[in-house]
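Heads up: the structure comes next, in structure tokens.
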Protein chains: 4
Amino acid sequence: MSRGKKSTSRLGRPPATDSADTRRTILDVARAAFADRGFEVTTNREIATEAGITPAALYHYFPSKLDLFVAVHHDTQERVLARFIQAIEDVSGFVPRLEAILDESHRMNNEDPSLARFLGAVRVDVARHPEFEMALQVDQAAMDTFFRSIVDQGVETGDVDRSRRALVLSFVATTLTGLTTGQSASDRQHALAVEAIKAAVRGDLVARLPHA
Amino acid sequence: MSRGKKSTSRLGRPPATDSADTRRTILDVARAAFADRGFEVTTNREIATEAGITPAALYHYFPSKLDLFVAVHHDTQERVLARFIQAIEDVSGFVPRLEAILDESHRMNNEDPSLARFLGAVRVDVARHPEFEMALQVDQAAMDTFFRSIVDQGVETGDVDRSRRALVLSFVATTLTGLTTGQSASDRQHALAVEAIKAAVRGDLVARLPHA
Amino acid sequence: MSRGKKSTSRLGRPPATDSADTRRTILDVARAAFADRGFEVTTNREIATEAGITPAALYHYFPSKLDLFVAVHHDTQERVLARFIQAIEDVSGFVPRLEAILDESHRMNNEDPSLARFLGAVRVDVARHPEFEMALQVDQAAMDTFFRSIVDQGVETGDVDRSRRALVLSFVATTLTGLTTGQSASDRQHALAVEAIKAAVRGDLVARLPHA
Amino acid sequence: MSRGKKSTSRLGRPPATDSADTRRTILDVARAAFADRGFEVTTNREIATEAGITPAALYHYFPSKLDLFVAVHHDTQERVLARFIQAIEDVSGFVPRLEAILDESHRMNNEDPSLARFLGAVRVDVARHPEFEMALQVDQAAMDTFFRSIVDQGVETGDVDRSRRALVLSFVATTLTGLTTGQSASDRQHALAVEAIKAAVRGDLVARLPHA
DNA sequence: TATGAATGAGCCTTCATTCAT
DNA sequence: GATGAATGAAGGCTCATTCAT
């Protein structure tokens, strides 16, 4: 992620740098930092250093720390959503689709754990900084809409009972929050959690009520 | 929340009680603050003001902000665990017990939402402050042990397939994290999420796979 | 102005200090600094150092740099106005009163040049920071009222022609601005300027129009 | 204020003229900015943006912000002085000349208020930045010399009493400082102040001392 | 037990300036 | 002649913490 030569940087424009590259690097580095340590604890200096620049240079790309956070959120949300959409493209039926999403989720967590972790962290940071809500709600809404549509299609195809629409939606939200917030540390842990959710959705997590 | 007037009479309650009161107040106030805003964003001044004292006075009760946080964690964990233990006392069978825990969880969220919210927030704060890990792991372990024992008993009674022990444990962890982190804002939302988890555990969240 | 022992200060409350004293010192030191260098150029660190404390300690007394500035303005305005009022107490007639004010002005400039210089500097800083206007206007109004009343009394006693009320007021304002902004550096220069204004008011600055 | 489109034809105005235009624009824009907000508060970016270029481009015309300020001062002083000199060309006698200067001053304030305001602001900025003193003193001296010569001629023609030379000079300085610093905001206010000064010089600002 | 005065470290941000292009 | 990317220095302010009282 960093710029290679560490302390050789001097005043003025550095030779042979691409602005877009630097922006991308900042976004990636910041996502990881925000995911790991949250908005408050992450400092501009940390992000900058990891991106191979100075804190002041950050302001060349983003007008403030909050704006950077919002940009990271937008970027991440967009990427994750694109993957989800692509994952269910050739899949039909509610349960298969949810499973496809969970699998894709696991695949992404494998490639770059900071994606899911960041999205999990956002929930917390938003709760702690009510000002964020407004700035992020546009992106947030896109994801909500996606899941709503999955469930709604399940209702239409008969997979999900109409009366259980809200229930299922709540389950998806709760479960995905738990997955991103608590279980994305190790690959094995994440895989296990994904399998557990799948089993629960299929209805065979525990033995078929032997008490009844 | 604020402390009563100090009695000037020589007889009566010993001063020690006053001190214990203040400590209790600080703990309660701090739990709410940490739950709402997290460790970083919450300032000593806020806690102190809400407890009716000055920031400096905090240091008579806890040697540092971190120690206060740990104390709050210990206190909260203890109280929640006690409620959980009591909730399953007269219940047998894995699913009924899990349901009892979920119900108790909902009841507690109703009485004092800061309990669950704090426990949800801890997970995040610990991840963000590696120093916390060591200090909290003793308390954390107690809760883990509790859930492990629930599942293990389920295995023994045959409710939980032995091969699925880890899976079920992961499900409980994921699900409870999601519940405390994401769904404890409104009572209705929390109730719905609890019902959703119960349905999933019972295996009738969605229609019995018509595709199969 | 400063606290004596320079680098002996350590953490915690310093022994034997009076809060009111420190506040007074800050006010005095800040007045001089703002007068000399203006609001922008003066740093909290400079003020603090000259007052024998750290920049952070400033915030124990004033919530922000702007509030400190406003407090200095209030304090200075109050002191100067009190002196002016006292100076004209036993004097009657417009010209004698204006002369009394000019003399008092000179005396004050001699005792503590920062008083007048600060008031001169304020005009500039307000023009440069429109946000200040609101904060200072209450104090400003008191001084304006004072001068207006002097002129108005002159009108009543017949010293000032009713039709020239605005003209005289403008002269006083222009002249006093010039005095505080431009001529308060050296005592001799200030004295000369005061005499010049007096002569102009008396009408014998230059020879009685020999051209006419 | 903005620069015309660069002509791409090989014939026509040499590029040097374009450059001179830009320089002129910068000077004008900077004068207004420095006059309004002073040296400190005005940023290179503001000046550049208003001149239609980038901050870095400023450095092709002036080696530093301070040099730009000095250049603006030189330019402004020169222009104002030229107008003053021209204003008194056909006028003789001290009072008439001073009145001519005041009138011209008012006319200039009407045409471009930034001229007078800048000169008023300089006094303050110089006091706040001792480094300026040396750089500006050459220009400053020209203006001083001009006023000195006016007064000296008054002495020679008998309009000004020889013993009052310094007094009159001080009056002119005080009064002009007050005019530029405090009264150049509105045209009406400026006009009134000019009339007030004239009246004072003529000796009929207030009624002829009835107390004497 | 509690307060009030103070510190030191650190944060976000701004700004004049530099240099490769 | 001009831009865009970057730096280093500094500034206002906040905060956990300390210590005399």
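Below, chains carry the letters A, B, ... as their sequence lines are ordered, and counting in each starts from 1.
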- request: Starting from the C-alpha separation in whole Å, work towards a yes-or-no answer on salt bridge (Lys or Arg N to Asp or Glu O under 4.0 Å) for C/D18 and C/R24.
  value: CA-CA 10 Å; C/D18 182 13; C/R24 193 50 282 153; over 6 Å; no

task: Considering just the side-chain nitrogens and oxygens of C/S19, establish if one lies under 4.0 Å of OP1 or OP2 belonging to E/dA5.
output: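 For C/S19, the contact criterion (side-chain N or O under 4.0 Å from OP1 or OP2 of E/dA5) is met.
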
query: Quick one: is F/dA6 close enough that its OP1 or OP2 comes under 4.0 Å of any side-chain N or O from A/T22?
result: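 Yes.
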
Taking side chain as C-beta onward, heavy atoms only, is [X] less than 4.5 Å from [Y]?
X      : Y      : answer
A/L27  : A/Y61  : no
D/V122 : D/T76  : no
C/E46  : C/R37  : yes
B/H73  : B/F118 : yes

Stepwise side chain to side chain contact (heavy atoms under 4.5 Å, CB included) check, A/I53 with A/T25: CA-CA 10 Å; A/I53 53 174; A/T25 304; over 6 Å; no

Quick one: [X] [atom1] to [N] [atom2], roughly how many Å, whole number?
X     : N      : atom1 : atom2 : value
B/H60 : F/dT21 : NE2   : P     : 15 Å
A/F69 : E/dC11 : CZ    : P     : 18 Å
C/R23 : E/dG4  : CZ    : P     : 16 Å
D/L68 : E/dT17 : CG    : P     : 10 Å
B/I47 : F/dT17 : CD1   : C1'   : 14 Å
C/F62 : E/dA5  : CZ    : P     : 12 Å

task: Toss me the dot-bracket line for DNA chain E: Watson-Crick and G-U wobble, both under 3.5 Å, 5' to 3', using | for pairs to another strand and [ ] for crossers.
output: .||||||||||||||||||||

message: Taking D/D139's backbone N and O only, do any of them form a donor-acceptor pair with D/Q77's side chain (distance below 3.5 Å, no angle check)?
response: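 The answer is yes, because a donor-acceptor pair under 3.5 Å joins these two groups.
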
field: Whether D/F69 and D/F39 hold their rings parallel, tilted or perpendicular, with breakpoints at 30° and 60°
entry: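 Plane angle over 60°, so perpendicular.
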
- line: For nucleotides 11-16 of chain F, 5' to 3', base contacts (B), sugar-phosphate-only contacts (S) and non-contacts (-) with protein non-hydrogen atoms under 4.0 Å give SSBBBS

query: If you find the nucleotide of DNA chain E closest to C/Y61 and the one closest to B/L58, which residue's nucleotide is nearer the 5' end?
result: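 Looking at DNA chain E, the more 5' nearest nucleotide goes with B/L58.
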
Residues A/D125, A/R128: salt bridge by 4.0 Å N-O rule: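 The answer is no: the pair does not qualify as a salt bridge.
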
